[in-house]
Amino acid sequence: MNDHYLSIIARNTKAQIDENEIKKEHRLYEDLGYDSIGFISMVVAIEDAYNFAFDDEYINPEAFKTVEDVEKYIKSKIDR
């Protein structure tokens, strides 16, 4: 899996942060300034980039607290 998801995360955050500054332990909402619109935009962009659909129960901000949570989910979908 490539790290393209980091640029997607960086593009959809309210924080002015470069994808190279994003750490796995960053929290999407508290550290990166995500809101519900940014979250949905991230989900759609990841679906397009990696060619899969998020399971309905994961289209929920509570399912992804950190950047690492997003990475693990992407890996679980593309490593099938």
Side-chain angles (χ1 to χ4, degrees):
M1 180 178 100
N2 62 32
D3 289 342
H4 180 61
Y5 73 96
L6 293 174
S7 67
I8 294 170
I9 290 173
R11 277 197 320 266
N12 289 288
T13 182
K14 287 185 176 185
Q16 298 296 318
I17 189 166
D18 184 80
E19 67 184 89
N20 297 320
E21 298 172 354
I22 294 176
K23 307 285 185 231
K24 289 182 180 187
E25 62 272 8
H26 277 143
R27 297 169 297 172
L28 295 177
Y29 290 84
E30 294 86 349
D31 299 328
L32 299 178
Y34 262 74
D35 61 14
S36 58
I37 293 170
F39 178 78
I40 294 300
S41 296
M42 177 194 71
V43 166
V44 170
I46 288 172
E47 287 178 332
D48 290 345
Y50 291 95
N51 198 30
F52 70 82
F54 274 66
D55 298 322
D56 288 345
E57 66 266 21
Y58 289 98
I59 303 177
N60 174 347
E62 295 298 315
F64 300 100
K65 300 284 188 195
T66 66
V67 171
E68 184 173 29
D69 294 337
V70 175
E71 177 189 54
K72 287 179 179 178
Y73 185 74
I74 294 169
K75 283 183 178 180
S76 76
K77 296 297 281 186
I78 63 175
D79 288 344
R80 290 183 177 186

K.L.:
I'd like to know if Lys77 pairs up with Asp55 as an ion pair, taking the criterion as any Lys NZ or Arg NE/NH1/NH2 lying under 4.0 Å from an Asp or Glu carboxylate oxygen.
P.N.:
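Salt bridge between Lys77 and Asp55, a charged N being under 4.0 Å from a carboxylate O: yes.
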K.L.:
Mind listing the closest non-hydrogen atom pair of Arg11 and His4 along with its distance?
P.N.:
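Arg11 and His4 have their closest heavy atoms at NH1-CE1, 4.3 Å.
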K.L.:
Salt bridge or not between Lys75 and Asp79? Use side-chain N to carboxylate O under 4.0 Å.
P.N.:
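Looking at Lys75 and Asp79, the cut-off is not met.
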K.L.:
Crowded around Asn51 CG? As in, over 12 foreign heavy atoms under 6.0 Å?
P.N.:
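Counting other residues, nucleotides and ligands, CG of Asn51 stays at 12 neighbours or fewer.
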K.L.:
Using 0.5 Å steps for rounding, measure from the CD1 atom of Ile22 to the OG atom of Ser7.
P.N.:
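The CD1 atom of Ile22 sits 8.5 Å away from the OG atom of Ser7.
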K.L.:
Is the closest side-chain heavy-atom distance between Lys14 and Asp35 below 4.5 Å?
P.N.:
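Answer yes - side chains close enough.
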K.L.:
Output yes when Lys65 and Glu62 qualify as a salt bridge under the 4.0 Å nitrogen-oxygen rule, no when they do not.
P.N.:
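Yes.
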K.L.:
If you count every heavy atom of other residues, nucleotides or ligands that lies below 6.0 Å from Gln16 atom CD, does the total exceed 12?
P.N.:
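Open.
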K.L.:
Is the closest side-chain heavy-atom distance between Glu71 and Lys24 below 4.5 Å?
P.N.:
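A side-chain contact exists here, since the closest heavy-atom pair is under 4.5 Å.
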K.L.:
How close do Asn12 and Ala45 get, counting heavy atoms only, and between which atoms?
P.N.:
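Shortest heavy-atom contact: ND2-CB, 4.4 Å.
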K.L.:
Go through the steps for Tyr5 and Tyr50 under the test ring pair (Phe, Tyr, Trp, His ring centres under 6.0 Å), then give the verdict.
P.N.:
CA-CA 9 Å; Tyr5 73 96; Tyr50 291 95; 7.2 Å; no
K.L.:
Can you check whether Ile8's main-chain N or O pairs, donor with acceptor, with Glu19's side chain at less than 3.5 Å?
P.N.:
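Judged by distance alone, no pair lies under 3.5 Å.
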K.L.:
Is there a donor-acceptor pair closer than 3.5 Å between any side-chain N or O of Tyr34 and the backbone N or O of Ile9?
P.N.:
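Yes: the side chain of Tyr34 pairs with the backbone of Ile9.
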K.L.:
Checking Phe52 against Ile74 for the side chain to side chain contact (heavy atoms under 4.5 Å, CB included) test, could you report, in this order, the C-alpha distance in whole Å, the side-chain angles of both residues, the deciding distance, and whether it holds?
P.N.:
CA-CA 9 Å; Phe52 70 82; Ile74 294 169; 4.3 Å; yes
K.L.:
Which atom names give the shortest non-hydrogen contact between Leu28 and Met42, and what distance separates them?
P.N.:
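Nearest heavy atoms, Leu28 then Met42: CD1-CE, 4.4 Å.
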K.L.:
Are Tyr73 and Ile46 packed together at the side-chain level, in the sense that at least one heavy-atom pair is separated by less than 4.5 angstrom?
P.N.:
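Of all side-chain heavy-atom pairs linking Ile46 with Tyr73, none is under 4.5 Å.
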K.L.:
Is a donor on one side and an acceptor on the other found under 3.5 Å between the side chain of Asp3 and the backbone of Leu6?
P.N.:
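No: the side chain of Asp3 does not pair with the backbone of Leu6.
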K.L.:
Treating Asp69 as the side-chain partner and Thr66 as the backbone partner, does any N or O pair qualify as donor plus acceptor under 3.5 Å?
P.N.:
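Indeed, once roles are kept as given, a pair shorter than 3.5 Å links the two residues.
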K.L.:
Taking only residues two or more places apart in sequence or in another chain, which ones pass side chain to side chain donor-acceptor pair (under 3.5 Å) with Ser41?
P.N.:
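Testing Ser41 for side chain to side chain donor-acceptor pair (under 3.5 Å), a comparison that skips the adjacent residues, returns none.
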K.L.:
Tyr58 vs Phe64 aromatic rings, parallel, tilted or perpendicular, using cut-offs 30° and 60°?
P.N.:
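Tilted, since the angle between the ring planes falls between 30° and 60°.
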